[in-house]
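Right, one structure below, let's go through it.
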Amino acid sequence: MRAFYSGQFVLPLPPGHRFPMSRYALLRDRLLEHLPSVEMEQAPRATDGELALAHTPQWIAAVSDGSVSTHAMREIGFPWSEAMVERSRRSTGATIAACRAAFAGGVAANMAGGTHHAHADKGGGFCVFNDAAVAARLMQAEHGRSGRQLRVAVVDLDVHQGNGTASIFRNDPSVFTLSLHGQKNFPFRKEASDLDVELPDGCGDAEYLTALEQALDELDRRFSPGLVIYLAGADPFERDRLGRLKLSFDGLEARDRRVFDWAWQRRIPLAFAMAGGYATDIAETVQVQVGTFRVAFEYWRRWQNAAR
Ligand SMILES: [Zn+2]
């Protein structure tokens, strides 16, 4: 299984910044240790033309040349730097590469990404460009044939609402946006996804898995995707600092299994990205992510066995 990584995912931040950059290197180390068959590859950089599939030229230019307003940078939550631009482009390129790899091998990963708070013309909540949105549009351009457009489902199980993704695809019936998220959590002004499921503070495994089951049923009734982009946020975890939900390691593994199995049963290629994860002990966030990779790898093998 191919997984796209970049050294540029790690952004130098001021001391005491609350974003846990160390988790990227930690995930890489843990995968090398526990899942050595995962093939890690350097992520390509998304070009201006690719980014323009989901973003305004003004936003791409402002991010690239550092002319983003102080207010807009504050909404992102990172200081501007060349490294931030590079990170954002690579992170988007990684989801593009993962989607292409998923078409070839069934399942593939971005070891970062899931920057779902980025809108067409602005960032927010540690997100600069919307990797899933750019990748979905690019895959449609690459795979649309004889008037039949590729349909993409973005299954966003990060604990925060995918407001940027929802806003980008608001009037686009070819992309279905599903978001399961904490009702009382950031962003406080939510956008309308095709399907939003709001969960109460303290929601545990059983309640969450029931809600997921109902959401996938509804997705089945309303849409038939040719590609799934899965945001496997680790922040619904019970010891996450920002999550407010109470999912256990087992509950998160069951969540992942349900999504991978759902796509596998329908033989829909699936690319996944890490999205959020802010456990007090960051090693626990990475443990959730490694769990996602373990399940993903299992389903990737099924694809390979079926192709033989
Ligand atoms: Zn999140």
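Just follow the structure's listing: the first ligand is 1, and inside any ligand the first atom is 1.
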Taking ring-ring contact (aromatic ring centres under 6.0 Å, His included) as the cut-off, I'd like each qualifying pair that reaches into residues 90-113, sequence neighbours left out, listed once. Phe103-His143

Can we call the ring centroids of His34 and Phe293 under 6.0 Å apart?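 Judged by ring-centre distance (under 6.0 Å), His34 and Phe293 do not meet the cut-off.
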
Under 2.8 Å from the Zn ion (ligand 1), the protein N, O or S atoms, given as residue and atom: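 Sorted hits: Asp158 OD1, Asp158 OD2, His160 ND1, Asp235 OD2.
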
Is it the case that Arg222 places NZ or CZ above or below the six-membered ring of Phe176, under 6.0 angstrom from the centre and within 45 degrees of the axis?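 So Arg222 doesn't make the cation-pi contact.
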
Within 45 degrees of the ring normal and closer than 6.0 Å to the centroid, is that where the cationic atom of Arg239 sits relative to Phe237? no

Could you check whether atom CZ of Arg301 has more than 12 heavy atoms from other residues, nucleotides or ligands sitting under 6.0 Å from it?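 Counting other residues, nucleotides and ligands, CZ of Arg301 stays at 12 neighbours or fewer.
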
Spell out, as yes or no, whether a donor-acceptor pair under 3.5 Å connects the side chain of His181 to the backbone of Leu157. no

